[in-house]
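Written below as structure tokens is the structure these notes are about.
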Protein chains: 2
Amino acid sequence: MNLKELSTLLGLSQTTVSRALNGYPEVNEETRRRVALAAEQHNYRPNSRAKGLATGRAMAIGHVIPMSTKHEMVNPIFGDFIAGAGETYSRNGYDMVLTVVEDVNEAQAYRNIRSRHTVDGVVVHGPKMQDSRISLLKEIGLPFVVHGRASGIAQDYSWLDVNNKSAFARATDFLLDLGHQRIGLINGLEGMDFAHRRRAGYEEALIARGIAPDPAIMRSEEMTEIFGYRSAREMLAADEPPTAFLASSMICALGVRRAIEERGLRMGRDISVITHDDALSYLQNGSDVPIFTATRSSVREAGRRLAEILIERINNPDGPLIHELLEAELMVGQSTGPAPREAQ
Amino acid sequence: MNLKELSTLLGLSQTTVSRALNGYPEVNEETRRRVALAAEQHNYRPNSRAKGLATGRAMAIGHVIPMSTKHEMVNPIFGDFIAGAGETYSRNGYDMVLTVVEDVNEAQAYRNIRSRHTVDGVVVHGPKMQDSRISLLKEIGLPFVVHGRASGIAQDYSWLDVNNKSAFARATDFLLDLGHQRIGLINGLEGMDFAHRRRAGYEEALIARGIAPDPAIMRSEEMTEIFGYRSAREMLAADEPPTAFLASSMICALGVRRAIEERGLRMGRDISVITHDDALSYLQNGSDVPIFTATRSSVREAGRRLAEILIERINNPDGPLIHELLEAELMVGQSTGPAPREAQ
DNA sequence: AATCATTTTCAAAGCGCTTTGGATGTCTGC
DNA sequence: GCAGACATCCAAAGCGCTTTGAAAATGATT
């Protein structure tokens, strides 16, 4: 059933039917009801391609997911982010289109998206420092918002970010207050902006208490369980092992916990751990009492909000740029405790 | 730059340029080269909506993700599946469009997709027993493939599945061979087809050795870490605790391990664990030696293959239905060992 | 040189919608 | 009873592409 069929069926012109369905005022309320009813009954929905062609709007938003052939890693937060954003999209009648692309072809993918007019805007994920996508998107004129920020970019753009720096500074402070002096950092890839900021928060908090950051107990990698495990194990086996760890993700933290327990130590008593918790649906941090003391910020909520910002931007491309900085909450769980005596 | 502009720029008709670009034979090679070059230089790409409208094909494939307001759970395998499928899609020029929808509106979402012509086909995720989506999709005539199978459906359809039953039967056998007699099952939601099949494999293997399945040591839930932890803890605390567990996902297994270690037991010595491993990129099961003994099957690979099957189906809707059953490999890791003497 | 077959190119229609610029009908006030 | 205002509807153009059917150019054959 298409518009033409529906309109002949109703004995009306396509114009009138279209207007009735799209809520234009110049149509009799009686007629509008008739049209709406018939559309409902015949399960009519406008062909989105035709509509898009006519209106010049795709009613779709793009997400390009770069896939490194080496790392072969999918960001585990992606699912939850999508769920959040998707909620906003469907509420506003937008589709979500994903493009998986080899990372070397990422720029080309954006150009492609732009010239093919497949989407009205894109969400930029996982910004790196000096991220080149931002100027590219500005240049080609594709509306976008960034989930996170990119240090070292002069241009302004819309973003929503967790205050990674203050979160990790607070977490570090919390550990220092408990008497920990040697705190290992198990961070994401150094090129990632969030990892950079987290390290900055951590280092500043240490320095503020007169402790020099020690590169020997700072690691930076793709945030897997294995990485958390290995890093913690190595640091614990070294001279002057840390009495506490700061981990950048729950999955890392699970690895850290494994290393601790493998060594016969007890998390929360012998070794403290604080992790960042993205509030992933399949990795809840305990139920009533959190297992890990954590800096918590829901990535799903971020997705929801970011989608709103982008849609606003699409509807009003010359509107003000939006910057939203969310504070992570520090949730005290069972993984932290006073530094053991002998280590103080 | 659109086709019209490009063609006047070249002094050719739109027809010729279109044909040149789409590889039709009736165009001079010399002209084709000229056209290709100009297209390249001016970064021309056909408007996908216009193209879709003209050809009647969306060159896009849909995935609808039902979101329960209660569970609020995103399947953690989703990211990796998407990555795999996305690879196939981009190789074949398809876009991937996701629709997040409240589960109660799922059927309506498919109808919607169908009548709006947004995609050429869909992938059905996480089939339940007697899954109603299959007959719906048949009815509305939207090409589809299923990731998994749906027991209790009379109609035939294309699917790709892991042999869950044989995988869990083998895993159970493996544990039985090691002398374990009481094996706890920590499974996914009972309504899910895969969970059903896994339980069937587990039960049959037990019965074949004259052991009656005991409902007291079988759990079924959304597969979170917490669920794995709680289930294992409860079972270990009960009379006649299991000496081994069979878990349906790595994330569950991490919880199981936590419960074991919390009790002061050692996984692989005191308690054995086998898990199903979907080979998620951020949850590798160890590096050289697997941590968990596991039945392993890459969900990413499944995504890749399933996408191929669907595209084939779209190109040839009357072709034969395809059924692919992948055998999971049993990888022996450090989490299994002979049953402790006193328990035998 | 004329004819026919083949290659190469083109004008125009059509995909299903929105939207512009009327046309028609109805109502008001004088 | 008629001009003007307003409400309601419509025909047709246009969005950017593909594709049909025909025309023009070229080459081969007599």
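Chain naming here is simple, since letters A, B, ... match the order of the sequence lines and numbering starts at 1 in each.
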Inset, instruction - Measure across A:Asn92 and A:Met59 and return the closest heavy-atom pair with its distance rounded to 0.1 Å. - result: O-CE, 3.8 Å
Inset, instruction - Measure across A:Val97 and A:Ala60 and return the closest heavy-atom pair with its distance rounded to 0.1 Å. - result: CG1-CB, 3.8 Å
If you look only at distance, which donor and acceptor atoms sit under 3.5 Å apart when one is on a side chain in residues 35-45 of chain A and the other is two or more places apart or in another chain?
residue	atom	partner	partner atom	Å
A:His42	ND1	A:Ala38	O	2.9
A:Arg45	NE	B:Asn112	OD1	3.1
A:Arg45	NH1	B:Ser115	OG	2.9
A:Arg45	NH2	B:Gln108	OE1	2.5

Legend entry - Residues from residues 20-35 of chain A lying under 4.0 Å of DNA chain C - heavy atoms: A:Asn22, A:Tyr24
Inset, instruction - Determine which pairs satisfy side-chain hydrogen bond (donor to acceptor under 3.5 Å, both in side chains) with at least one residue from residues 141-156 of chain B, sequence neighbours left out, and list them in order. - result: B:Arg149-B:Asp161, B:Ser151-B:Asp193, B:Ser151-B:Arg197, B:Asp156-B:His323
Legend entry - Under 3.5 Å side-chain donor-acceptor pair for A:Asn28 and A:Arg34: no
Inset, instruction - Consider only side-chain N and O atoms of B:Thr15 and B:Ser18, and report whether a donor and an acceptor are under 3.5 Å apart. - result: no
Legend entry - 5' to 3' contact window, DNA chain D with chain B (heavy-atom distance under 4.0 Å): D:dG16 to D:dG21
Inset, instruction - Report the end-to-end axis angle of the helix from C:dA1-D:dT30 to C:dC30-D:dG1; each axis comes from five terminal pairs, and the value is rounded to 10°. - result: 60°
Inset, instruction - Would you classify A:Thr55 as touching base, sugar-phosphate or nothing, given that sugar-phosphate means primed atoms plus P, OP1 and OP2, and contacts are heavy atoms under 4.0 Å? - result: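 Touches sugar-phosphate only.
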Inset, instruction - Using a heavy-atom cut-off of under 4.0 Å over every strand shown, decide if A:Arg19 touches base, sugar-phosphate, or nothing. - result: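 The answer is base, as A:Arg19 lies within the cut-off (heavy atoms under 4.0 Å) of a base atom.
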Legend entry - Ionic contact status for A:Glu106 with A:Arg111, cut-off 4.0 Å: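 Salt bridge absent between A:Arg111 and A:Glu106.
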Legend entry - Any B:Thr16 side-chain N or O less than 4.0 Å from OP1/OP2 of C:dC10: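 B:Thr16 to C:dC10 OP1/OP2: side-chain N or O found under 4.0 Å.
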Legend entry - Sequence-distant partners of A:Tyr110, side-chain hydrogen bond (donor to acceptor under 3.5 Å, both in side chains), two or more places apart: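 Not a single residue meets the side-chain hydrogen bond (donor to acceptor under 3.5 Å, both in side chains) criterion with A:Tyr110.
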Inset, instruction - Kindly indicate, with the supporting measurements, whether the criterion salt bridge (Lys or Arg N to Asp or Glu O under 4.0 Å) is fulfilled by B:Asp318 and B:Arg313. - result: CA-CA 8 Å; B:Asp318 301 318; B:Arg313 179 128 207 88; over 6 Å; no
Inset, instruction - Specify the separation, in whole Å, of atom CG of A:Leu12 and atom P of C:dT24. - result: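 A:Leu12 atom CG is separated from C:dT24 atom P by 18 Å.
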Inset, instruction - Just say parallel, tilted or perpendicular for the rings of B:His125 and B:Phe81, cut-offs at 30° and 60°. - result: perpendicular
